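In what follows, a structure is listed as structure tokens, so that the remarks can point back to it.
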2 protein chains.
Amino acid sequence: MAALADVSISTASKALNGSGRMSEETRERVKKVALEVGFRPNALARGLITKRSFTIGLLTNDTYGRFTLPVMAGISEELVGHGVSVFLCAIEDDPERARVHVDAMLDKSVDGIIASGKRLDRQLPVDLSGLPVPVVYAFTKGAADGVTLRSDDEQGARLAARCLIDAGCQRIVHVTGPKTFQSVRERADAYRTAIDGPPEVLHGIWAEAWGHEAVAQLWDRGGEKPDGIFCGNDQIARGVVDGLRERGVRVPEDVAVVGFDNWEIVAAQTRPPLTTVDMNLRTLGREAGRLILAMSEGREVQSGIRKLPCSLVVRQSCRGAEAPA
Amino acid sequence: MAALADVSISTASKALNGSGRMSEETRERVKKVALEVGFRPNALARGLITKRSFTIGLLTNDTYGRFTLPVMAGISEELVGHGVSVFLCAIEDDPERARVHVDAMLDKSVDGIIASGKRLDRQLPVDLSGLPVPVVYAFTKGAADGVTLRSDDEQGARLAARCLIDAGCQRIVHVTGPKTFQSVRERADAYRTAIDGPPEVLHGIWAEAWGHEAVAQLWDRGGEKPDGIFCGNDQIARGVVDGLRERGVRVPEDVAVVGFDNWEIVAAQTRPPLTTVDMNLRTLGREAGRLILAMSEGREVQSGIRKLPCSLVVRQSCRGAEAPA
DNA sequence: TGTCGATGAGAAAACCTTTTCTCTTAGACC
DNA sequence: GGTCTAAGAGAAAAGGTTTTCTCATCGACA
């Protein structure tokens, strides 16, 4: 203990924590010695008495990490500066496993839990209400009286529609995922009210193959072809773009395409690279970190659902106002 | 404390931990009460005295999570049953951040650290030797005298080559990433010795575009065309398959293609879906968890590099012996 | 000179376990 | 009947901090 070099153990503690009363000279001396010997207080002992472990848990059922990873990065980014570490617990929709992880976290006295997932309209397979620690739901359905953070899918869809409209599209179709997803319905609704012409929504699965299929449906039938396609996610968009290219339809000259998710690996590798809506999950993660920190420090945080804005990442599949009509 | 219901605090502890001497009847009674009241020992207090926190740290510079996520899943899977939780620390090749995270972990008395990354021939930007806790390197370059786990890329490449040969390919080309990657060189070497005909290795970048480009190079020049292509990763393979399809070359009938990584999102969405080499990173993660657990319990673990075998995931781009020559 | 207040610093309790040591009791053996 | 041993269970220390309380000293004021 650094106290050996100077003073009593209690004075040392107070000096380092900026509490207690002592001469400025003593305080500085202790700090200096502590720095020299590289003294680092034991977090376990500290946590035992202060009831704060500087540790939070992140629970997620998004095994693939597509959504959780950016959220995680944001949380960690926000919290590492405060000395808070993050337990990552991947549960695969397995209530048993979820329970084990939650218990393990509680045993370790986490200061809070962030629940995250891959769908905004599904709860994790474990009840997190009534826990002795604060909980923040980030990109997953939360308890009614909980603190929930989610993307503003309607605003995101408006962004996409606006981009297509600005690019001069007259006839915009929406090719998206299963109607059972709430976010699909929200985006579709926003799309319907945002465009001028008659809306057309095609529901399918979240896969490239569905993008192809949708293009086939649209082009093989008679009548007017769309000149703008808003896709429910980047995988579908990629399928659509590939399908169009294979038919000799130019993107974005003949048909402009906008995706959703900004999943780099898909969006950036598509030919041409996709213009797409980014849900800013990293920012959402930061916000979740900020909130859980506040709550763990006892500050009041208003419960309810907070929608965080999406932004548009313009690549080449739709260039907005740049591209002449 | 559960002792209230029965006996002294020390007897209770001994009863629950299976230590000490007492009548079987007492032991059972304590256990029963503990279960009833849902008693869970405080991990902080326990860690303070036993010097084991049942916590390990996972350090990675693979922000995108392509490699780390499966490794992480494996580690977690292996350890959760032992009550061990995992701190995930994402550092982006930032030595400063790495240092902060390592310090935070040490403060929290982690029982061990697993270092992971995205390249087998690069160290993390922080020196983990001489730490007061055991370290296991998983899918990243480790210290010379450390315990390192990696995939057996040569064996994986042999698997790929064997699949193409079995499919009847006579002229197999290897389209891969930059020569600066050690794994690229290892795979290329294994490819060279595995095939019968004269080898041809094309180096480029890790992108779909390079796959296209390579096909263009191969097909636009005169002379004999390959009938089998072994790609350095799935992205390149996807580019190759797309390039071939656009030229009217059938996969796998005219040219069989094998990828590397088994990155579901790419491999399964390719048309046709890719046959590819899986590095079994989840298994590697499990093994890392097993080792760090052993080491943290004081068991001796032999240092050195352990290569874990890859396996072949057969989809449709190369059907091995099934496809007639 | 005596009392009061402020200031600086240490003693000790508390946090919640585990673990070692000690004590009591009962049974066995001579 | 006395001594020894083993069994069963509790007392207490230890682990490394934080925090409250107490104590000593000194200057000021009456």
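Just so it is clear: chains get the letters A, B, ... in the order the sequence lines come, proteins before strands, and each one is counted from 1. Keep in mind it's a predicted model, so treat the numbers as computed, not measured.
- Terminal axes of the helix from C/dT1-D/dA30 to C/dC30-D/dG1 (five pairs each, C1' rotation axis) are separated by 70°, to the nearest 10°.
- As a whole-Å value, the separation of B/Met22 CE from C/dT19 P is 13 Å.
- Side-chain contact between A/Asp111 and A/Val133 is absent, with no heavy atoms from C-beta onward closer than 4.5 Å.
- Looking at residues two or more places apart in sequence or on another chain, you find a side-chain hydrogen bond (donor to acceptor under 3.5 Å, both in side chains) between A/Ser311 and A/Asn280.
- Distance, B/Leu48 CG to D/dT17 P: 9 Å, rounded to whole Å.
- Between A/Asn42 atom CG and D/dT17 atom C1' the separation is 8 Å, expressed in whole Å.
- Residues passing the side chain to side chain contact (heavy atoms under 4.5 Å, CB included) test with B/Asp107 are A/Arg40, A/Ala43, sequence neighbours excluded.
- Following rounding to the nearest Å, A/Leu44 (CG) and C/dT18 (P) show an atom-to-atom distance of 13 Å.
- Across all strands shown, B/Arg40 has heavy atoms under 4.0 Å from sugar-phosphate atoms exclusively, and none from any base.
- Every residue two or more places apart in sequence or in another chain was checked for a ring pair (Phe, Tyr, Trp, His ring centres under 6.0 Å) with A/Phe54, and none qualifies.
- At whole-Å resolution of the value, NZ in B/Lys51 and P in C/dC16 are 19 Å apart.
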Practice task
Summarise how protein sits on nucleotides 18-28 of chain D as a single string, 5' to 3': B when a protein heavy atom is under 4.0 Å from the base, S for sugar-phosphate-only contact, - for no contact.
Solution key: BBB--------
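- The salt bridge (Lys or Arg N to Asp or Glu O under 4.0 Å) pairs that include a residue from residues 135-144 of chain B number zero, where partners must be two or more places apart or lie in different chains.
- Taking only side-chain nitrogens and oxygens, A/Ser8 never comes nearer than 4.0 Å to OP1 or OP2 of C/dA11.
- A/Phe67 pairs by the ring pair (Phe, Tyr, Trp, His ring centres under 6.0 Å) definition with A/Phe139, not counting sequence neighbours.
- Under the 3.5 Å distance criterion, the side-chain polar atoms of A/Ser76 are left unmatched by any main-chain donor or acceptor of A/Ala73.
- Of the residues in residues 106-113 of chain A, none has a non-hydrogen atom less than 4.0 angstrom from any atom of DNA chain C.
- Contacts of B/Lys31 classified as side chain to side chain contact (heavy atoms under 4.5 Å, CB included), with partners at least two apart in sequence or in another chain: B/Leu16, B/Arg27, B/Glu28.
- Within the structure, the ring-ring contact (aromatic ring centres under 6.0 Å, His included) test picks out the following pairs touching residues 78-110 of chain B (sequence neighbours left out): A/Phe87-B/Phe87.
- Applying the side-chain hydrogen bond (donor to acceptor under 3.5 Å, both in side chains) criterion to B/Asp261, with sequence neighbours excluded, gives B/Arg66.
- For the salt bridge (Lys or Arg N to Asp or Glu O under 4.0 Å) condition, the pairs that include at least one residue of residues 71-87 of chain B, sequence neighbours left out, are B/Glu77-B/Arg282, B/Glu77-B/Arg286, B/Glu78-B/Arg286.
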